[in-house]
Amino acid sequence: MFDLRTVRVRSGEEHREAVEVGIAPIELGGERYVAVPEEVPAELTVTRASTGLVFGLRFGVRLHGPCVRCLADAVVEERLARREYPPTSPACEELTTPYLADGRLSLSAWARAALVLALPAKILCRADCAGLCPVCGRDLNQEPHTHGEEEADPRWAVLEELKDRL
């Protein structure tokens with residue numbers, strides 16, 4: 001939590017401060033991803049606008065967890081720069097920020113939410129991860145193999161005939 005009552009800025013002025021931000025573990029698809037280290041260095045900026053404060057947060061994070069295809073260790077590195085503008089007199093609740101309460105800014109919650117939104121749809125150990133064999137469960141990155149000629153689904157027979165004609 002960052003206490004905004006300690007910041008004194010006039011309209012147009014900016015306050016910069018180096019802070020440590022804790023990143024709580026993230027659960028995605030039933031898997032747990034952990035920031036290493038859990039506390040990351042960040043830069044917070046607070047700028048006074050004519051109608052409120054503008055917050056800026058810059059940080060880099062390294063997230064460790066399982067690959068979604070093969071379950072091996074995967075590492076994701078993200079560099080983030082986010083801005084938040086909660087007006088002093090919001091016209092509706094949608095314009096308020098969930099990270100600001102009683103003059104205190106929750107840097108950890110803001111950083112964690114920004115990180116979750118920046119993560120790729122699938123966290124992989126490498127871009128060309130082959131995953132696990134659907135028949136025997138072996139890691140196809142370590143042991144590429146086949147299980148012999150498997151019978152094709154009969155529903156594809158018509159397409160096979162078309163392929164043979166071409």
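It should be emphasised that the depicted structure is a prediction, and the values quoted were computed from it without experimental measurement.
The shortest non-hydrogen separation linking P66 to A74 is C-CB, 4.1 Å. A127 and L124 get closest at one heavy-atom pair: O-CD1, 4.1 Å. When all heavy atoms are compared, the tightest approach of L57 to L107 is CD2-O, 4.3 Å. In terms of heavy atoms, C70 sits closest to C129 at SG-SG, 3.7 Å. Residue S108 comes nearest to V21 through the heavy atom pair CA-CG1, 3.9 Å, listed as atom of the first residue, atom of the second, then distance. Heavy-atom minimum distance, C133 versus L140: N-CG, 3.7 Å.
For the side chain to side chain donor-acceptor pair (under 3.5 Å) condition, no pair includes a residue of residues 21-41, sequence neighbours left out. Note on residues 111-137: pairs passing salt bridge (charged side-chain N to carboxylate O under 4.0 Å, His left out), not counting sequence neighbours, are R126-D128.
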### Message
Does L119 form a side-chain contact (heavy atoms from CB on, under 4.5 Å) with L117? I'd like the steps, not just the answer.
### Response
CA-CA 6 Å; L119 288 174; L117 291 173; over 6 Å; no
### Message
Show, in sequence, the C-alpha distance, side-chain angles and deciding distance for T45 and F55, and conclude whether the side-chain contact (heavy atoms from CB on, under 4.5 Å) test is met.
### Response
CA-CA 6 Å; T45 59; F55 308 118; over 6 Å; no
### Task
For the pair L115 and E78, evaluate side-chain contact (heavy atoms from CB on, under 4.5 Å) and give the outcome as yes or no after the intermediate values.
CA-CA 8 Å; L115 176 59; E78 293 286 342; 4.1 Å; yes
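Judged as a salt bridge (Lys or Arg N to Asp or Glu O under 4.0 Å), and not counting sequence neighbours, the contacts of E43 are R16. Applying the side chain to side chain contact (heavy atoms under 4.5 Å, CB included) rule to V75 yields the partners R62, H64, E77; only residues at least two apart in sequence or on another chain are considered. For E143, the salt bridge (Lys or Arg N to Asp or Glu O under 4.0 Å) test picks out R138, with sequence neighbours left out. D73 meets the side-chain hydrogen bond (donor to acceptor under 3.5 Å, both in side chains) test with no other residue; sequence neighbours excluded.
Put simply, V116 and W110 are part of the same group of oily side chains (I, L, V, M, F, W, Y) that touch within less than 4.5 Å, one to the next.
Side-chain atoms of D139 do not come within 3.5 Å of backbone N or O of L132 as any donor-acceptor pair.
The CZ atom of F59 sits 9.0 Å away from the CZ atom of R79 when rounded to the nearest 0.5 Å.
Using a 4.5 Å cut-off on side-chain heavy atoms (C-beta onward), P120 and V76 make contact.
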